[in-house]
Amino acid sequence: MPIIRHPHQFNEPSLFIDLDDVLSHRLYLKVEGFNLAGSIKLKPAVEMVERAEQAGRVGPGSVLVESSSGNLGVALSMIAASKGYRFVCVIDPRCNPATRQLMESLGAQVDLVTEPDPVDGLLGARLNHVRELCESDDRYVWLNQYTNPGNWGAHYRWTAPEIAAQFPELEVLFVGAGTTGTLMGCARYFRERRPDVRIVAVDAVGSVTFGGPPATRLIPGLGMSVRPPQLDESLVDDVVLVEELDTVRTCHRLAGRGFLLGGSTGTVVHGAMTWLTDHHARDVTAVAISPDLGRPYLDTIYQPDWVLDHFGAAALARDDAPAAPARPGPVPEPRHPATAPATDSVATSSPRSPSQ
């Protein structure tokens, strides 16, 4: 059992769930919620703060500021409390109430933006508020997860090597698309070392990330109302879009077998099942990434009245019957051409977790 001095020094890097008995698909789920921040966002939070400290951008008296739908805000709240920084998190109404309370309990100031930007929606309004804060006082330091190479770099250093070590025979990797930090970090790693691995991005219907029309989205985590600056579509082989109704029903299906996982996980798992079925890929080695656990969603996805109000009775209908096994078939070759390795200054030494 590890002994730590700071909350960000522990993160479980190698927990995977075999979902075959639950979903009748051969799919392994990498669970990223077992750390004191409760989500995969601990990794980029640590990376971005440490890079800012090393560059001299952050020090005594600094006030960290970030726009977040929730999980990164919690991770930064925890790190700021541990390191003695102030932290301001800018959120919108989609942030889960429990997540907001958790940030405030850790000492963060939470600014709620309710009026969407006319062009870029609620995310645009959050970013406008962050810019206004930074212009008002030079003590504010915006880490900017949307452009910071530490966002994707954290997953290049940690998440992707953790998957590769556990599954040397990996054929397909399913990654949810939010800021695309996780997606780009994993895609770059496997492009360089295992170009035969097929990278499938999973996004929410209503997100504009891959060129779809914008629409209202209620579940935080995945999807963007502006194109993510870090996205390089040449690194992605396929994209699956998932309706939020299917996200909710998949979360309930997993919970019905004892796995209480977050909204983004429901989206990624449903997207993975859809892709595997469409490609008759019953016996391939496939991994999906679960960004967080389900407790922050008890007031939303797992609250029957909230689900009924927003999605109707169909979202609460139980659908635990195993899907018909797909016919075994080969995994299509990745569509990307060979490219040179990424040149960003991300360490390529032996992978480690934030606890090392």
Side-chain angles (χ1 to χ4, degrees), residues 17-34 38-40 69-71 74 91-102 122 174 176-178 202-207 212-225 240-278 288-326:
I17 301 172
D18 182 347
L19 291 176
D20 200 351
D21 287 346
V22 180
L23 304 174
S24 296
H25 281 281
R26 187 184 178 193
L27 178 66
Y28 299 97
L29 189 64
K30 187 181 196 310
V31 180
E32 288 281 349
F34 286 99
S39 81
I40 196 172
S69 61
N71 282 335
V74 171
I91 66 169
D92 63 47
R94 290 172 298 185
C95 180
N96 295 319
T99 300
R100 177 175 182 172
Q101 184 179 1
L102 181 53
L122 286 168
F174 298 96
V202 182
D203 198 12
V205 170
S207 167
T216 299
R217 291 174 288 109
L218 301 174
I219 300 172
L222 300 185
M224 294 275 282
S225 58
V240 180
L241 299 180
V242 175
E243 296 277 0
E244 288 193 326
L245 172 61
D246 293 319
T247 293
V248 173
R249 297 195 69 188
T250 302
C251 285
H252 291 178
R253 184 173 181 179
L254 292 166
R257 299 297 294 271
F259 295 113
L260 191 75
L261 300 167
S264 298
T265 302
T267 302
V268 174
V269 169
H270 184 85
M273 289 193 299
T274 299
W275 191 95
L276 292 169
T277 299
D278 289 347
I289 298 176
S290 167
D292 61 358
L293 304 181
R295 286 185 181 274
Y297 302 84
L298 293 179
D299 293 328
T300 55
I301 289 173
Y302 296 105
Q303 214 294 324
D305 291 337
W306 185 91
V307 173
L308 282 171
D309 288 344
H310 292 95
F311 298 102
L316 295 174
R318 295 298 297 267
D319 183 19
D320 294 333

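- Between the CZ atom in Arg217 and the CD atom in Glu243 there is a gap of 12.5 Å [rounded to 0.5 Å].
- The shortest distance between side-chain heavy atoms of Val74 and Ser39 does not fall below 4.5 Å.
- In plain terms, the two heavy atoms of Ala255 and Leu260 that are nearest each other are CB-CD1, 4.1 Å.
- Inter-residue side-chain proximity for Arg257 and Asp21 is flagged as met; some heavy-atom pair is nearer than 4.5 Å.
- Of the candidates Thr247, Thr265, Val268, Leu222 forms a side chain to side chain contact (heavy atoms under 4.5 Å, CB included) with just one, namely Val268.
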In sequence, state the C-alpha distance, the side-chain angles, and the governing distance for Leu218 and Arg94, and then conclude on side chain to side chain contact (heavy atoms under 4.5 Å, CB included). CA-CA 6 Å; Leu218 301 174; Arg94 290 172 298 185; 5.6 Å; no
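- Side-chain contact check for Leu293 versus Phe34: some heavy-atom pair is nearer than 4.5 Å.
- Defined by atom type and a distance below 3.5 Å, a donor-acceptor pair is present between the side-chain atoms of Tyr297 and Asp292.
- Shown here for Ile289 and Leu29, the closest heavy-atom pair between the two residues is C-CD1, 4.2 Å.
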Could you go step by step and tell me if Met224 and Asp203 meet the side chain to side chain contact (heavy atoms under 4.5 Å, CB included) rule? CA-CA 9 Å; Met224 294 275 282; Asp203 198 12; over 6 Å; no
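- For the atom pair CG (Asp309) and OG1 (Thr300), the distance works out to 12.5 Å, reported to the nearest 0.5 Å.
- Note that the CD1 atom of Ile17 and the OG atom of Ser290 stand 7.0 Å from one another [nearest 0.5 Å].
- With rounding to the nearest 0.5 Å, the separation of CH2 in Trp275 from CG in Leu27 is 11.5 Å.
- Closest approach of Asp299 to Ala98, counting heavy atoms only: OD2-N, 4.3 Å.
- Shortest non-hydrogen contact noted between Glu32 and Pro291 is CB-O, 3.9 Å.
- Open room surrounds CZ on Arg295; 12 or fewer heavy atoms of other groups in view lie less than 6.0 Å from it.
- Classified by interplanar angle (parallel below 30°, tilted 30° to 60°, perpendicular above 60°), the ring pair His252/Tyr302 is tilted.
- Gln101 CD: 12 or fewer foreign heavy atoms inside a 6.0 Å radius.
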Hey, mind stepping through Leu254 and Leu19 against side chain to side chain contact (heavy atoms under 4.5 Å, CB included) and telling me if it holds? CA-CA 9 Å; Leu254 292 166; Leu19 291 176; 3.9 Å; yes
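- Residues that satisfy the ring-ring contact (aromatic ring centres under 6.0 Å, His included) test with Phe259, not counting sequence neighbours, are absent from this structure.
- Between Ile301 and Val307, the shortest heavy-atom distance links the atoms O-CG2, 3.1 Å.
- Contact record, Gly271 with Val202: CA-CG1, 4.0 Å, taken as the closest heavy-atom pair.
- Taking CG of Leu122 as the start and OG of Ser69 as the end, the distance is 11.5 Å to the nearest 0.5 Å.
- A side-chain donor-acceptor contact under 3.5 Å links His25 and Thr277.
- Taken from NE2 in His270 to CG in Leu245, the straight-line distance is 9.0 Å, to the nearest 0.5 Å.
- Annotation: side chain of Thr250 is not in contact with side chain of Val242 (no heavy-atom distance under 4.5 Å).
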